[in-house]
Amino acid sequence: MPRYRPHVATRPSWRCRTCGAPWPCSPARLALLGEYREDRVALLVHLGTLLCEATADLTAGRPETAPRHLAERFVLWARAR
């Protein structure tokens, strides 16, 4: 039986340590939705915090170089539908 490996971010690249996709990858998103299934607001606050950390890491002190898609990648996918 294969061992489960969590899909967590590698910093400062913010790529998944398990699959190499931009984090949060699909398995990480599913895990986060499950973990926060009872509290969507807490999930959004957590993701917003990670968005700020990722922006700092990915811009290396140059905020004008922030990738424009980071909000979608980190937060907007988790909003209530």
Side-chain angles (χ1 to χ4, degrees):
M1 176 183 246
R3 209 173 98 213
Y4 174 75
R5 293 176 52 203
H7 289 257
V8 296
T10 299
R11 297 178 185 188
S13 69
W14 288 89
R15 297 196 69 85
C16 178
R17 182 173 290 150
T18 301
C19 67
W23 195 91
C25 58
S26 292
R29 289 178 181 193
L30 286 173
L32 287 163
L33 286 171
E35 182 178 344
Y36 287 92
R37 70 181 159 273
E38 301 296 326
D39 195 351
R40 183 64 60 105
V41 173
L43 172 60
L44 293 170
V45 169
H46 175 65
L47 292 171
T49 301
L50 294 175
L51 170 62
C52 291
E53 292 176 17
T55 300
D57 286 345
L58 295 171
T59 60
R62 299 181 322 255
E64 67 279 1
T65 64
R68 298 179 191 266
H69 67 283
L70 284 182
E72 178 66 36
R73 178 175 156 186
F74 279 86
V75 179
L76 298 179
W77 65 268
R79 66 184 184 270
R81 299 189 200 266

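Start at 1 with the first residue, then count along the sequence.
One distance of note links OG1 of T10 with CZ of R15; it measures 10.0 Å at 0.5 Å rounding. Expressed to the nearest 0.5 Å, how far CG of L70 lies from CG of L50 amounts to 11.5 Å. One finds the CH2 atom of W14 at 8.0 Å from the CG atom of L58 (value rounded to the nearest 0.5 Å). Distance check: R5 CZ to C19 SG gives 9.5 Å after rounding to the nearest 0.5 Å.
L33 and V45 are members of different hydrophobic clusters when ILVMFWY side chains are connected at heavy-atom separations under 4.5 Å.
Put simply, the side chain of R37 does not reach to within 4.5 Å of the side chain of L43, judged on heavy atoms. Side-chain contact between V75 and L44 is present, with heavy atoms from C-beta onward closer than 4.5 Å. Contact annotation: the side chain of P24 approaches that of F74 to within less than 4.5 Å [non-hydrogen atoms, C-beta and beyond].
Remark: side-chain polar atoms of W23 are paired, donor with acceptor, to backbone N or O of H7 under 3.5 angstrom. Under the 3.5 Å distance criterion, the side-chain polar atoms of R29 are left unmatched by any main-chain donor or acceptor of A78.
For H46, the ring pair (Phe, Tyr, Trp, His ring centres under 6.0 Å) partners two or more places apart in sequence, or in a different chain, are Y36. For the salt bridge (Lys or Arg N to Asp or Glu O under 4.0 Å) test, no residue two or more places apart in sequence or in another chain qualifies with E35.
Closest approach of R40 to R79, counting heavy atoms only: NH1-O, 3.4 Å.
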